Amino acid sequence: MKKFLLLFLPFIVVSTISAQETPTPNYRAAAKYSPKNLAKMVHSTSVSPHWLKKGNRFWYAYKTSEGANYYLVDADKKSKKTLFDNVKMAKWLTEITKDPYDAKHLPRFSFKFNEAEDAIRFRVTSTEEVEVIDDKKEEKKEEEKDSTSTKKDKKAKSKKPKMEKKVYHLEYKLGGNGLTIIDTIKKEKEEWKKWANIAPDSSIVLYSKNYNLYWMDKTNFKKFIKDEKDSTVVENQWTKDGEENYAYGRGSRGDNVDKEKNKDKRNGVGGIWSHDSKKFVFQKSDSRHIKDLWVINSTVKKDQR
């Protein structure tokens, strides 16, 4: 009996120690189930309609294991049809960009309908590299051409030109049999798209600033796009009861220094417009009761190094 107990004693001790050990986390395995990686397997689970200005129509994209498909829906006629044939679109894109495409692997499109709403326009970036052309720099060079020495000109010519991927601006007429190249000019950055929520009829633009709701009319918004520093641009404050953690739209993030610096920065207002542009619905969340969670940031900003 004593021998029996002695034999099992080491087993009990080892089991107790093993049970108390903290398991080593497997971050690589956990990363497989991140939202980004799961999205590659799940694909589309909902529909985001993009309403057209005329009629009661909208287009949407829906991705499956067979690739992404784009549909045009007419709510009045209760009809749905594909915007284009994926096989033909892959063929046309391959011919223009010289990059291989197939029906299951088309580029991610961001469509814009023309004024007549009988054609879609979009941009596709190819693998071909072209020299970067900066219009502002070219103008400056022309102005300073007379004052620039020959030695500096030779040095500038010897510099390797900056390259970038060639971008094709294309148009497809619905039901057509090919693509038309509009231009190969890279689209300029539109920072206003990060905050501007434009009504379907383009009559008004909503955004938030200083925790409150603001708006611009079409005329002033166009002036702002042309020149952000235009002092004649009129902004209208809609609400006055917004505050930190109970704001209209997205609030400023960061420490107190960042918040003070960005207090006049325009932020987006997530919401949905009615089709006639007369009503707007959004959700306002109250987080004032939530206490601060202190986090130690071990990194420093560039200006603090």
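Keep in mind it's a predicted model, so treat the numbers as computed, not measured.
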Practice problem: Evaluate the criterion side chain to side chain contact (heavy atoms under 4.5 Å, CB included) for residue pair Phe84 and Leu106; output intermediate values, then yes/no. | Solution: CA-CA 12 Å; Phe84 50 80; Leu106 292 174; 4.1 Å; yes
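- In terms of hydrophobic clustering, with Ile, Leu, Val, Met, Phe, Trp and Tyr side chains grouped at heavy-atom distances under 4.5 Å, Val130 and Tyr168 are assigned to different clusters.
- Other residues, nucleotides and ligands place no more than 12 heavy atoms under 6.0 Å from the NZ atom of Lys112.
- For Ser277 (side chain) and Ala199 (main-chain N/O), no donor-acceptor pair under 3.5 Å exists by modelled atom type.
- Outside the 6.0 Å centre-distance limit, the rings of Tyr207 and Trp192 are not counted as a close aromatic pair.
- Cluster annotation: Ile198 is connected to Phe224 through the hydrophobic network of ILVMFWY side chains, with a link wherever side-chain heavy atoms come within less than 4.5 Å.
- Nearest heavy-atom pair across His105 and Tyr101 is O-CD2, 3.4 Å.
- Under the side-chain contact (heavy atoms from CB on, under 4.5 Å) criterion, Asp76 pairs with Asn56, Asp74, sequence neighbours left out.
- The number of heavy-atom neighbours closer than 6.0 Å to CD1 of Ile290, taken from other residues, nucleotides and ligands shown, is above 12.
- Although no hydrogens or angles enter the test, the distance criterion places a donor-acceptor pair under 3.5 Å between the side chain of Thr64 and the main chain of Glu66.
- Here the side chain of Asn212 pairs no donor or acceptor atom with the backbone of Trp238 at under 3.5 angstrom.
- Taking the six-membered ring where the residue is Trp, the centroids of Tyr172 and Trp92 are separated by under 6.0 Å.
- Asp102 places a side-chain N or O within 3.5 Å of a backbone atom of Lys104 that can act as its donor or acceptor partner.
- In this structure, Val234 and Met216 approach most closely via the heavy-atom pair O-CG, 3.8 Å.
- There is no side-chain donor-acceptor pair under 3.5 Å between Asp217 and Thr219.
- Closest approach of Ser208 and Gly249 over heavy atoms only: OG-CA, 3.9 Å.
- Across Glu117 and Asn114, no two heavy atoms sit closer than the pair N-OD1, 2.8 Å.
- Tyr248 and Trp195 are not part of a single hydrophobic cluster, where members link through side-chain heavy atoms under 4.5 Å apart.
- Listed by first and then second residue, the salt bridge (Lys or Arg N to Asp or Glu O under 4.0 Å) pairs involving residues 88-99 are Lys91-Glu95 (not counting sequence neighbours).
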Quiz item: Tyr214 and Gln237: side chain to side chain contact (heavy atoms under 4.5 Å, CB included), yes or no, with the steps?
Solution: CA-CA 4 Å; Tyr214 280 74; Gln237 186 172 348; 3.1 Å; yes
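- Here the CD atom belonging to Glu228 is positioned 7.5 Å from the CD atom belonging to Glu191, to the nearest 0.5 angstrom.
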Practice problem: Decide yes or no on side chain to side chain contact (heavy atoms under 4.5 Å, CB included) for Met163 and Glu131, but give the supporting numbers first. | Solution: CA-CA 4 Å; Met163 307 297 284; Glu131 187 177 342; 4.2 Å; yes
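- Two residues are said to be in side-chain contact when any heavy atoms from C-beta on lie closer than 4.5 Å; Phe113 and Arg57 fail this criterion.
- Nearest heavy atoms, Leu83 versus Trp59: CD1-CB, 4.2 Å.
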Practice problem: Using the side chain to side chain contact (heavy atoms under 4.5 Å, CB included) rule, take Ser65 and His43 through it: C-alpha gap first, then chi angles, then the decisive distance, then the call. | Solution: CA-CA 7 Å; Ser65 57; His43 304 303; 4.3 Å; yes
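- To the nearest 0.5 Å, the span separating CG on Asp201 from NZ on Lys53 amounts to 8.5 Å.
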Would you be so kind as to tabulate the donor-acceptor pairs closer than 3.5 Å made by side chains of residues 174-188, with sequence neighbours excluded?
residue : atom : partner : partner atom : Å
Asp183  : OD1  : Ile185  : N            : 3.1
Asp183  : OD2  : His169  : ND1          : 3.4
Lys187  : NZ   : Glu190  : OE1          : 3.4

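- Note: the hydrophobic cluster containing Phe111 does not contain Tyr71 (ILVMFWY, side chain heavy atoms under 4.5 Å, direct or indirect links).
- Remark: Arg108 CZ is loosely packed, at most 12 non-hydrogen atoms of other residues, nucleotides or ligands lying under 6.0 Å away.
- The environment of CD in Glu129 is crowded: more than 12 heavy-atom neighbours from other residues, nucleotides or ligands sit within 6.0 Å.
- Taking a 6.0 Å sphere around NZ of Lys284, one finds it holds more than 12 heavy atoms contributed by other residues, nucleotides or ligands.
- No single ILVMFWY cluster, assembled from side-chain heavy atoms under 4.5 Å apart, contains both Ile204 and Phe221.
- Relative ring orientation between Trp51 and His275 is described as tilted, the plane-to-plane angle lying within the 30° to 60° band.
- To the nearest 0.5 angstrom, Ser46 atom OG is 11.5 Å from Tyr60 atom OH.
- Asn210 CG to Arg266 CZ: the interatomic distance, rounded to the nearest 0.5 Å, is 10.5 Å.
- In this structure, CD1 on Ile272 lies 9.5 Å from CG on Asn197, to the nearest 0.5 angstrom.
- Rounding to the nearest 0.5 angstrom, the gap separating the OG1 atom in Thr97 from the NZ atom in Lys165 is 12.0 Å.
- The ring-ring contact (aromatic ring centres under 6.0 Å, His included) test with Tyr70 is passed by exactly one of Phe109, Tyr62, Phe122: Phe109.
- Contact record, Ala103 with Ala90: N-CB, 3.8 Å, taken as the closest heavy-atom pair.
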